[in-house]
Amino acid sequence: MNKNCLSAQVEKLEIENFCMFESIIGLEIHVELKTKSKMFCGCAADFFGKEPNSHCCPVCLGLPGALPVPNKKAIEWCVMLGMALDCQIPEFSKFDRKNYFYPDLPKGYQISQYDQPLCINGKLKITLPDGKEKIIKIRRVHLEEDTGKLLHAEINGKKSTLIDFNRSGVPLVEIVTEPDIRSSEEARIFLKKLHQIIRYLSISDADMEKGSMRLEPNISLREIKNQKSPASPSEAGRAKIKIDEELPKYKVEVKNINSFAFAKKAIDFEIKRQSELLSKGETPQQETRGWNEKQQMTTSQRSKEEAHDYRYFPEPDIPPICWNKETLNKLRKNLPPLPDNIIKKLIKTYKLSLYDSTIIADNSAVADYFEKCVSLAKNIPAKTIANWLINKKIDIKNLSPDNLVKKIAQSQQDSGITDDELYKIIRNIIQNYPKAVSDYKSGKESALMFLVGMVMREVKNSSLADKIKLIIKEQLS
Ligand code: ADP
Ligand code: MG
Ligand code: ZN
């Protein structure tokens, strides 16, 4: 391989003998469910900030003879997440033991799911920055238990490791994508959307800082083979570049990342590190790495284990799960509306723009609040309520919808005109002065001031000038 190798994230440049790489990324995401009790025992699952080892019992401490009893709610929530991700829910599913020896799991194995997970073959559609849509396939969504937490400390001058088992046995969902992601930006967009869906379903806080959502990107680079160097960068983009569709023989997994920003940085770092190795003719090692935020780099942790290292076998203490159609239908019926549905509804019912709708729908509580306000408000356009919510940082927890509506009405009264009336006047002016409109659209700023002036002649309230300018701009965009 020659030196002129670039990663596919780098602009496609015009170079002799050119060859480059595209990044192949698959994500594994762990999410702690906010069920009342743990996955296989009655201990409370809300362990965060609690006194160490205060939420434990013989089951989650792995004491001999203790038997696990699966948490129904956790199973249902995992399936609901799978449904939200368009997965198939096989009629039959089971738990398996994943054996490994590390003191964070007292049993010497983790109850997880191996070859028959609760949910398989899903997909999530994301919108890329250029507006194009892309499907990321979901390989599986399965249920397992979280581990205890190790704390490495120095006690009386001696290096010691402390263990807190409060987290041991908390229900944990793992979502695994196909390696369909091609850049750190795509990964970020996917993760944000997944995070939003999880929050909409109210099955987890998905709080990254508390570790209730943890990210593991898998990254490898694949050579893009090209016979001929392109005449120009744009031609390189257009030319049908032949890609070797096989996956690279190696992959690097970056473990346990607790922020979207770190995940993006870790992926970009790996793309650069691996492309440098490949350009020298070396193959990156298949291994597990960690993100070091201080040093802004990934560092090697261990060489990657294989499935057989875990000696999986079916969990003998838990009967397999067999679904009947009615139960699954009931769960499906109980799915709340998801962000994409809400965005569509906001556009259709309230005539909001895609941009406004996306912001309002970011959080289901804000979307609910918006709809309550609209239903309470008379003479206030939905658009005005959306503007207030988006631009004025309304604290929806401490201001009731009713009070926000009153506040908006008051502010309209103070200005002597309702938004409804103001919008009407502006639309009229825009219709009556097509020349100024076309001047503005071709870049003449003064035409905008002319239109504002014409509206002001009717409104006669100088305090509204900025608002009028904003509305005209928005109407003409
Ligand atoms: P493992 O058994 O090592 O965990 P899997 O095949 O189960 O590996 O895949 C785990 C994750 O790695 C999935 O998200 C998958 O999409 C991704 N993945 C698989 N092969 C590659 C690859 N060559 N490059 C990047 N990601 C990959
Ligand atoms: Mg893995
Ligand atoms: Zn317990």
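A quick note: this is a predicted structure, and the numbers were derived from the prediction, not measured. Just follow the structure's listing: the first ligand is 1, and inside any ligand the first atom is 1.
Atoms of ligand 1 lying under 4.0 Å from at least one heavy atom of Pro248, given by number and element, are 23 (N). Near Gly26, meaning under 4.0 Å from one of its heavy atoms, ligand 1 places the atoms 14 (O), 16 (O), 17 (C), 26 (N). For ligand 1, the atoms closer than 4.0 angstrom to any heavy atom of Ile24 are 24 (N), 25 (C). Here is the list of ligand 1 atoms found below 4.0 Å of a heavy atom in Val176: 13 (C), 14 (O). Less than 4.0 angstrom separates some heavy atom of Tyr250 from each of these atoms of ligand 1: 23 (N). Every atom of ligand 1 is numbered from 1 in the order shown, and the set under 4.0 Å from a heavy atom of Leu27 is 14 (O).
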Run Asp340 and Lys193 through salt bridge (charged side-chain N to carboxylate O under 4.0 Å, His left out) and show every step you take.
CA-CA 10 Å; Asp340 280 352; Lys193 186 149 186 187; 2.9 Å; yes

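Here the side chain of Ser204 pairs a donor or acceptor atom with the backbone of Glu32 at under 3.5 angstrom. Judged purely by atom type and a 3.5 angstrom limit, Lys94 has no side-chain atom pairing as donor or acceptor with the backbone of Glu315.
In this model, no donor atom of one side chain and acceptor atom of the other lie less than 3.5 Å apart for Lys330 and Asn334. A side-chain donor from one of Glu270 and Thr298 sits under 3.5 Å from a side-chain acceptor of the other. A donor-acceptor contact under 3.5 angstrom links the side chains of Tyr350 and Glu371, judged on distance only.
Considering the Zn ion (ligand 3) as centre, the angle to SG of Cys41 and to SG of Cys60 is 110° (10° rounding).
Among the atoms of His55, no N, O or S atom falls under 2.8 Å of the Zn ion (ligand 3).
Looking at ligand 1, you won't find any N or O of Leu247 less than 3.5 Å from one of its N or O atoms.
Under 4.0 angstrom from ligand 1, the non-hydrogen atoms of Arg139 all belong to its side chain. For Glu178, every heavy-atom contact with ligand 1 shorter than 4.0 Å involves the backbone, none the side chain.
With distances taken over non-hydrogen atoms, the option nearest atom 1 (P) of ligand 1 out of Gln286, Glu270, Glu253, Lys251 is Lys251.
No cation-pi contact links Lys265 to Phe262, judged by a cut-off of 6.0 Å to the six-membered ring centre and 45° from its axis.
With Lys123 as the partner, the side chain to side chain donor-acceptor pair (under 3.5 Å) test is satisfied by one option alone out of Asp180, Asp86, Thr177: Asp86.
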